[in-house]
Peer 1: 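Structure incoming, see below.
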Amino acid sequence: MKKFFLFAAVAIAALTVNAKEWDFGDYAVDPGITKDSKVVDGLGFYAIDASADPSKEFASNKGFGAITAKVKTFEDGFKSVNNCKTNGGGSADEATPWLPKQRYFYFDVDGNSTIKVWYESGSSNAVKLFISDGTKLLLQNEVTAADKDVALIATANYQGGAGKIYIFGSGSIELFKIQVSAAQGIEDIEAAPKAEKFFENGQLVIIKNGVKYNALGAQL
């Protein structure tokens, strides 16, 4: 039978796995990619599929994922060094509206996750930021033309098993940081029976699921 303290360690671990942060201030200045895709430290950059038609390529000055220097201070205190530009919007088929075909970021998650994006509009028109799991929309934030230079933070929640998350815009957006933190196990832990603690014959006794353990986790 598993000892109680091992159960606690597993529960804590469930809250910390699958955590990742991509701060574009850690990236070198880069013109971005004009076709195909690349993955950097687990973060995918998808420009456009040119495998069937080599003419499908963005202009060199409109590379997707272009890294440029830009200092921006956000309401949570985060201060950027660089931004990452989409240089245009993503698009998808009507049949799969939340599975983008071009100009999107992507990364894998192991399960229930919280996704945060530090960003601003890169368009002179109203633009929307989308976060999806490929089949359903997790977040849609619209930025008006008047708020083009406003530093924003978007938060989305994913519930499900292992999967892929996509971030894209209806037009140009500029990302400064992406963060994903695991949430799997939280609901189960909160719903689990609470451990009862008391002293008996001068020693600490812990009752978990009707079983007694001492302070070291040994069953009594």
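Both backbone and side-chain heavy atoms feed into the values below; hydrogens, waters and symmetry mates do not. Note that the structure is predicted; figures quoted are calculated from it, not measured.
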Peer 1: Do side-chain atoms of Asp133 reach the backbone of Tyr158 as a donor and acceptor pair under 3.5 angstrom?
Peer 2: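 Not at all, since once roles are kept as given, no pair shorter than 3.5 Å links the two residues.
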Peer 1: According to the interplanar angle, ranging from 0 to 90°, do the rings of Phe107 and Trp22 count as parallel (below 30°), tilted (30 to 60°) or perpendicular (above 60°)?
Peer 2: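 Tilted: the ring planes of Phe107 and Trp22 meet at 30° to 60°.
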Peer 1: Look up atom CD1 in Ile178 and atom NZ in Lys116, then write down how far apart they are to the nearest 0.5 Å.
Peer 2: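 Spacing of CD1 (Ile178) from NZ (Lys116) equals 13.5 Å.
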Peer 1: Looking only at the aromatic ring of each residue, does the gap between the centers of Phe176 and Phe74 stay below 6.0 angstrom?
Peer 2: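 Between Phe176 and Phe74, which both carry aromatic rings, the centre distance is below 6.0 Å.
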Peer 1: With rounding to the nearest 0.5 angstrom, report the CG to CD distance, Leu152 to Glu120.
Peer 2: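 Those atoms lie 8.0 Å apart.
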Peer 1: Please tell me whether Phe64 and Phe105 form a close aromatic pair, meaning their ring centres lie under 6.0 Å apart.
Peer 2: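 Between Phe64 and Phe105, the centre distance is under 6.0 Å.
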Peer 1: Just how far is it from atom CD of Glu57 to atom NZ of Lys35, taken to the nearest 0.5 Å?
Peer 2: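 One finds 4.5 Å between CD of Glu57 and NZ of Lys35.
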Peer 1: How long is the gap from CD1 on Ile165 to OH on Tyr106, to the nearest 0.5 Å?
Peer 2: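 OH of Tyr106 is found 14.0 Å from CD1 of Ile165.
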Peer 1: May I ask you to test the Asn61-Asn87 pair for a side-chain heavy-atom distance under 4.5 Å?
Peer 2: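 Not in contact.
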Peer 1: So, taking the atom named CG in Leu99 and the one named OG1 in Thr135, what distance separates them when rounded to the nearest 0.5 Å?
Peer 2: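 Interatomic distance, Leu99 CG to Thr135 OG1, rounded to 0.5 Å: 9.0 Å.
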Peer 1: Can you check whether Lys128's main-chain N or O pairs, donor with acceptor, with Ser170's side chain at less than 3.5 Å?
Peer 2: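 Between the backbone of Lys128 and the side chain of Ser170 there is a qualifying donor-acceptor contact (under 3.5 Å).
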Peer 1: If the plane angle is over 60° it's perpendicular, under 30° parallel, otherwise tilted; pick one for Phe168 and Trp98.
Peer 2: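 Aromatic pair Phe168/Trp98 classed tilted.
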Peer 1: Working to the nearest 0.5 angstrom, can you tell me the gap between Asp41 CG and Lys20 NZ?
Peer 2: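 Going from CG on Asp41 over to NZ on Lys20, the span is 3.5 Å.
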Peer 1: I want to check something: taking the side chain as every heavy atom from C-beta on, are Trp118 and Lys72 in contact at a cut-off of under 4.5 Å?
Peer 2: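 Not in contact.
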Peer 1: Which label fits Phe24 and Phe45: parallel for a plane angle under 30°, tilted from 30 to 60°, or perpendicular past 60°?
Peer 2: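 Geometry flag for Phe45 against Phe24: perpendicular rings.
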